[in-house]
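One structure is given below, encoded as structure tokens.
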2 protein chains.
Amino acid sequence: MLSSIVFYALDKAIRSYRRMAQATIDRAGLDITIDQWLVLRVLLEHDDLTQHDIAERVFKDQASVARMLALLTRRGLLSAVPLPHDGRRTQLRVTEAGHRILAAVQPIVLQNRTKALAGISEEELAVLRPLLDRIALNCAPPA
Amino acid sequence: MLSSIVFYALDKAIRSYRRMAQATIDRAGLDITIDQWLVLRVLLEHDDLTQHDIAERVFKDQASVARMLALLTRRGLLSAVPLPHDGRRTQLRVTEAGHRILAAVQPIVLQNRTKALAGISEEELAVLRPLLDRIALNCAPPA
DNA sequence: GTAAAGACTATGATATATCATAAAGGTTGC
DNA sequence: GCAACCTTTATGATATATCATAGTCTTTAC
């Protein structure tokens, strides 16, 4: 049975969470995806990252990050100022509008996490985390 | 920290697995995605499902399933014969080529699972499963 | 029987995932 | 200085995710 396979349950859990999270953001009238939110959050704290660095932090592909940055910039949530010492790169800064939307999304995300973890104890979470890390590690490319 | 959040670890675990799994299939010279494989597997055992039924089983969207079915049919892995008693639907049957690719992928998938779960005990898995199910349930729409 | 309601599939629009690669800039070795 | 190499970004191609909706067919209510 499909349902007996742990990877199926894994996939289902994270997808359920993402759907629920996006729905709550949409319902709040906020025009941003959770992936965009994640990237914007990272940039809030580090404005000197390459696309590759960002991709590593959010565990995405550089190409995906490139397109998300372009989108965020087009939407005015991010500004890209050319860096003087490296003609390839830009300094990425969250704009005023970006800050506003981050602030608006933040409490929603916290609520979502609480909702998603309802009925799960700290001890159980403490078991869960290393297992997930182990799976990721087992599947990581040889480097 | 991003890394301290269980959902991040969840996302990373399943993505790592998917990347690894797809890489092993590609390396074996098999031209199929793991999502297509999943759908094909379901159809192997049930050829009388609607797209909605299939979507539920593989936890995807009906629209995604529609496109995957079109693709699988275009590639000759699936055949769609109109059903006499319902002009909207077709009977979906895995073709000979479909059977061959399923058979070729099967052992790879088993190896991948083993690899991904290396160092994780049965008891740990027994803890993991209900936690994942609980998260999915907590996030499920009100119905 | 027929009109309304419902079920099923297909598709448009937009976003993300992934690989591969092109294009441009930077660094190193000499 | 320059050639070879490396880094960074952008983009093409294809697949999937999601919502919304159109189009078709079936069922239900009456």
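Chain letters run A, B, ... following the sequence lines, proteins first and then strands; every chain starts at 1.
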| message | With salt bridge (charged side-chain N to carboxylate O under 4.0 Å, His left out) as the criterion, how do Arg18(A) and Asp35(A) come out once you've worked through the C-alpha distance, each side chain's angles and the decisive distance to 0.1 Å? | response | CA-CA 9 Å; Arg18(A) 290 174 64 91; Asp35(A) 292 304; 2.7 Å; yes
| Taking protein heavy atoms under 4.0 Å as touching, what does nucleotides 10-17 of chain D look like 5' to 3' if B marks base contact, S marks sugar-phosphate-only contact and - marks none? | BBBB-SSB
| For DNA chain C, what dot-bracket results from Watson-Crick or G-U pairs at under 3.5 Å, with [ ] for crossers and | for inter-strand partners? | ||||||||||||||||||||||||||||||
| So, Glu56(B) side chain and Asp61(B) main chain: donor-acceptor pair closer than 3.5 Å or not? | no
| said: Using a 3.5 Å distance criterion without hydrogens, assess whether the side chain of Gln22(A) forms a donor-acceptor pair with backbone atoms of Arg19(A). | reply: no
Using whole Å, what does the distance between atom [atom2] of nucleotide [N] and atom [atom1] of [X] come to?
X: Ile14(A); N: dT18(D); atom1: CD1; atom2: P; value: 12 Å
X: His52(B); N: dT18(D); atom1: NE2; atom2: C1'; value: 14 Å
X: Arg89(B); N: dA7(C); atom1: CZ; atom2: P; value: 13 Å
X: Ile54(B); N: dT9(C); atom1: CD1; atom2: C1'; value: 11 Å

| request: Kindly confirm or rule out a cation-pi arrangement of Arg129(A) over Phe7(B), judged by NZ or CZ under 6.0 Å from the six-membered ring centre and within 45° of its axis? | output: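 Here Arg129(A) fails the 6.0 Å and 45° test against Phe7(B).
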| message | Just verifying a value: how many Å separate Ile32(A) CD1 and Leu38(A) CG, rounded to the nearest 0.5 Å? | response |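 Reported value, rounded in 0.5 Å steps: 10.0 Å.
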| field | Pairs involving residues 106-117 of chain A, ordered by first then second residue, that meet side-chain hydrogen bond (donor to acceptor under 3.5 Å, both in side chains) (sequence neighbours left out) | value | Thr24(A)-Asn112(A)
| note | Ranking Thr90(B) and Gly87(A) by the position along DNA chain C of their nearest nucleotide, the one closer to 5' is Thr90(B)
